[in-house]
Amino acid sequence: MSGLGSLFFLTSFSLILYLCQDFISFKTHPMPIIAPSILSADFLNLGKDIEMLNNSQAEWIHIDVMDGVFVPNISYGIPILKAVRKATTKVLDVHLMIVQPERYFETFRDAGADILTFHYEASVHVHRSVALIHELGMKAGLVLNPHTPVNVLSEILPDLDMVLLMSVNPGFGGQKFIENTYNKIAALKQMIHATGKNILIEVDGGVDLTNAGKLIQTGVDVLVAGNTVFSSKDPKETIIQLLASR
Ligand code: DX5
Ligand code: ZN
């Protein structure tokens, strides 16, 4: 094989390996993923909490961005995300609870987001927004509020990497889990199965040690947990218990 031929072969081989790795790491998880939400972290000691997560079995860190317009609360934004990015190599799962989210996709990518999820209820051009997130090199997730039926996803589902089902009304940590979420998970699981794709289901709000097992059994791939992790006396152990819930 000529020098150029070998180079072409090696480059193609590396590219295929890279794509497979990406597929494996995001799409086929034998275990559920725990994504602690730093909304419930100690902001005066955020570095310590990120270090604790770095040493934990949580694979993702969930970042809740609220604008005081789409939801009745304001949390944090770009500077916090940048700081967290510097302190961890974990997957940063950024949940945008903001109006006109597409205006900020590139900024969040530059600040370190790996996954961007935005609300169906806050977006007029969902298909365009999903394409833009992919063009920017991130995974794309669409979020549904508790009242939004999963069948609104019928046309966009194959384009998504993940669906985030809100199991509380967005805006605050520490709220009570809404039981109807189980019905939505089951219906969504069937819709995903019909696409033939491995699209992740994430659930966010009121997740604790009493419901994590049923959520995993019903088909959830990613459990967001704020209060349950950060109000625990032993957050790392709580993450292990959430993971082991069945
Ligand atoms: C709510 C946020 C959640 C919240 C979850 O609007 O999207 O991520 O932090 O908090 P807990 O787990 O405490 O319900
Ligand atoms: Zn969230």
Side-chain angles (χ1 to χ4, degrees), residues 32-43 46 49-50 52-53 56 58-77 80-81 84 90-99 101 104 108 113-123 138-148 160-182 184-185 200-216 220-233 235-236 238-239 241-243 245:
I33 296 168
I34 307 300
S37 162
I38 61 162
L39 191 63
S40 299
D42 176 0
F43 294 137
L46 187 55
D49 279 349
I50 300 297
M52 177 277 291
L53 294 178
S56 79
E59 290 184 54
W60 294 8
I61 297 177
H62 186 82
I63 314 268
D64 286 305
V65 179
M66 304 179 185
D67 65 356
V69 179
F70 179 66
V71 288
N73 192 11
I74 298 175
S75 57
Y76 43 70
I80 294 291
L81 176 59
V84 172
K90 301 264 180 187
V91 171
L92 295 185
D93 170 34
V94 178
H95 175 191
L96 299 177
M97 285 162 275
I98 62 177
V99 295
Y104 296 98
F108 278 100
D114 297 300
I115 305 166
L116 271 192
T117 63
F118 64 99
H119 274 256
Y120 169 81
E121 301 84 4
S123 187
M138 295 174 287
K139 302 291 184 186
L142 192 61
V143 194
L144 302 185
N145 274 337
H147 73 276
T148 305
L160 299 175
D161 299 297
M162 181 164 82
V163 175
L164 168 47
L165 297 177
M166 289 308 301
S167 40
V168 297
N169 287 292
F172 303 93
Q175 301 182 79
K176 192 176 174 306
F177 179 84
I178 296 171
E179 294 288 320
N180 185 50
T181 311
Y182 294 117
K184 292 178 75 175
I185 297 163
L200 298 181
I201 301 178
E202 182 176 42
V203 165
D204 184 4
V207 172
D208 61 25
L209 291 170
T210 71
N211 55 29
K214 188 172 172 186
L215 285 167
I216 293 166
V220 173
D221 304 289
V222 186
L223 291 172
V224 176
N227 203 43
T228 296
V229 168
F230 288 101
S231 69
S232 161
K233 283 202 179 101
K236 281 193 283 189
T238 300
I239 290 167
Q241 288 175 7
L242 284 168
L243 266 174
S245 301

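For ligands, and for the atoms within them, numbers begin at 1 and follow the listed sequence.
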task: Report, in ascending order of atom number, the atoms of ligand 1 lying under 4.0 Å from any heavy atom of Pro170.
output: 6 (O)
- prompt: Between Phe177 and Tyr182, what is the ring plane arrangement, given parallel below 30°, perpendicular above 60°, and tilted in between?
  reply: tilted
message: Check this for me - ligand 1, Leu39, N or O atoms closer than 3.5 angstrom, yes or no?
response: no
message: If I apply the N/O under 3.5 Å rule, does His95 come out as touching ligand 1?
response: yes
field: Within-cut-off N or O pair, Gly206 and ligand 1, under 3.5 Å
entry: yes
- request: Looking only at N, O or S atoms, find the one in Asp204 nearest to the Zn ion (ligand 2) and name it.
  value: OD2
- request: Have a look at Asp64 and say which of its N, O or S atoms is nearest the Zn ion (ligand 2).
  value: OD1
task: Consider ligand 1: state whether an atom of it lies below 4.0 angstrom from any non-hydrogen atom of Thr228.
output: no
query: Short list, please: which atoms of ligand 1 are under 4.0 Å from a heavy atom of His62?
result: 8 (O)
Pairwise side-chain contact, Leu243 with Leu223, heavy-atom cut-off 4.5 Å (strictly under): no
field: Spacing of Tyr104 atom OH and Leu116 atom CG [to the nearest 0.5 Å]
entry: 13.5 Å
query: Does a donor on one side chain and an acceptor on the other come within less than 3.5 Å for His62 and Asp64?
result: yes
- request: Can you sort out which atoms of ligand 1 are near Met66, meaning under 4.0 Å from one of its heavy atoms?
  value: 6 (O)
query: Of all the N, O or S atoms in His95, which one sits nearest to the Zn ion (ligand 2)?
result: ND1
Atom indices of ligand 1 within 4.0 angstrom of Gly205 heavy atoms, with elements: 14 (O)
field: Gly174, any N or O under 3.5 Å of ligand 1 N or O
entry: yes
- line: So the atoms of ligand 1 within less than 4.0 Å of a heavy atom of Ser37 turn out to be 8 (O), 9 (O)
field: Closest to atom 8 (O) of ligand 1 (judged by heavy-atom distance), picking from Asp204, Val207, Ile38
entry: Asp204
task: Please could you name the atoms of ligand 1 that Val224 approaches to less than 4.0 Å, counting only its heavy atoms?
output: 8 (O)
message: For atom 1 (C) of ligand 1, what's the nearest protein heavy-atom neighbour? Residue, atom name and distance, please.
response: Phe172 O, 3.5 Å
- request: Tell me which protein heavy atom sits closest to atom 6 (O) of ligand 1, plus the residue, atom name and distance to 0.1 Å.
  value: Gly171 N, 2.7 Å
- prompt: Can you tell me the protein heavy atom closest to atom 10 (O) of ligand 1 and the distance?
  reply: Gly173 CA, 3.6 Å
- prompt: Is any N or O atom of Asn169, backbone or side chain, closer than 3.5 Å to an N or O atom of ligand 1?
  reply: no
- prompt: So which protein heavy atom does atom 12 (O) of ligand 1 come closest to, and at what separation?
  reply: Gly226 N, 2.8 Å
field: Those atoms of ligand 1 less than 4.0 Å from some heavy atom in Asn227
entry: 11 (P), 12 (O), 13 (O)
task: Indicate, as side chain, backbone, both or neither, the part of Ala225 found under 4.0 angstrom from ligand 1 when only non-hydrogen atoms are considered.
output: backbone
Thr181 versus Ser167, side-chain donor and acceptor atoms under 3.5 Å: no
